[in-house]
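So the structure is just underneath, and the comments pick up after that.
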Amino acid sequence: MTIENTLSIIKPDATKRNITGSINAKFEDSGLNIIAQKRLQLTKGMAKKFYEVHKDRPFFNNLVDFMISGPVIAQVLRGENAVKLNRDIMGATNPKEAEKGTIRNEFAESIEANSVHGSDSLENAKSEIAFFFAEIELVY
Ligand code: CMP
C-alpha cells in the first residue's frame, strides 16, 4: 500500500461556473482526502513558472492567460496511489477523449479550459505541492 500526496488545481473555468464542490465530491467519492486547499488568483509570473516545462509549446501563452483569467483552487489530495488515482478521476487532457464519469468528461469545456490539473508523477507532485504549500499546511 503506497500512500501518496498529489497536487490538484481546480482551474478558472470551474471556479467561474461554481462547480468546485461537484469536483471535490469526485475526489472524495473515489477515496482521496483533501488535506490542503486554498483559493487564489495566480499572477502571470506564477502561472509561467508553474507551467515552465511547457514554455516552448505553441499553447503556452494561451495557457498562462487562461490560468490567470480567474481564481483557481490549489489543493493537495492524499490517498493510496494518489497520483495515478487522481489522473484516472480527471480523465484525458482533451475532454473529447476523457472517459465517461471522469471530471473532464463531465465538466471540461475544451482542452485548455479542462477544469483540473493533476501532477503526472510522484516526483513532480512533490515539487508542485511545494510550489503552493508549506509542509505545515498539509493537515491529516
Ligand atoms: P494540464 O494538466 O494543466 O497541463 C498543461 C495544460 O495545457 C493542459 O492541462 C491543458 O489544459 C493545456 N493545453 C492547452 N492546449 C493543449 C494542447 N494542445 N495539448 C496539451 N495540453 C494543452
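Both ligands and their constituent atoms are indexed starting at 1 by order of listing.
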Could you go step by step and tell me if D65 and K44 meet the side chain to side chain contact (heavy atoms under 4.5 Å, CB included) rule? CA-CA 7 Å; D65 286 343; K44 195 160 202 166; 3.4 Å; yes

Counting each atom of ligand 1 from 1 as listed, which ones have a heavy atom of L63 under 4.0 Å away? 6 (C), 7 (O), 12 (C)

Nearest-neighbour protein heavy atom for atom 11 (O) of ligand 1, which is reported as residue plus atom name and distance: I111 O, 2.8 Å

Ligand 1 versus R87, non-hydrogen atoms closer than 4.0 Å: side chain, backbone, both, neither? neither

Among I103, I19, T20, side chain to side chain contact (heavy atoms under 4.5 Å, CB included) partner for I10: T20

Within the structure, does H117 bring an N/O atom to less than 3.5 angstrom of an N/O atom in ligand 1? yes

Which is closest to atom 4 (O) of ligand 1 by heavy-atom distance: Y51, F60, F66? Y51

Hey, does the side chain of Q75 reach the backbone of S8 with a donor-acceptor pair shorter than 3.5 angstrom? no

Please determine whether any non-hydrogen atom of M67 lies less than 4.0 Å from an atom of ligand 1. no

What is the nearest protein non-hydrogen atom to atom 21 (N) of ligand 1, stated with its residue, atom name and distance? F59 CZ, 3.6 Å

Do L85 and E80 come close enough that some side-chain heavy atom pair is under 4.5 Å? no

Donor-acceptor pair, S30 side chain versus K26 backbone, under 3.5 Å? yes

Following the transitive rule for hydrophobic clusters with a side-chain heavy-atom cut-off under 4.5 Å over Ile, Leu, Val, Met, Phe, Trp and Tyr, establish whether F27 and I9 coincide in one cluster. no

Please identify which atoms of ligand 1 are closer than 4.0 Å to at least one heavy atom of R104. 2 (O)

Report the relative orientation of the aromatic rings in F50 and F132; use parallel for angles under 30°, tilted for 30 to 60°, perpendicular for over 60°. tilted

Which segment of K11 sits under 4.0 Å of ligand 1 when only heavy atoms are counted: side chain

To which protein heavy atom is atom 8 (C) of ligand 1 closest, and what is the distance rounded to 0.1 Å? T93 CG2, 3.8 Å

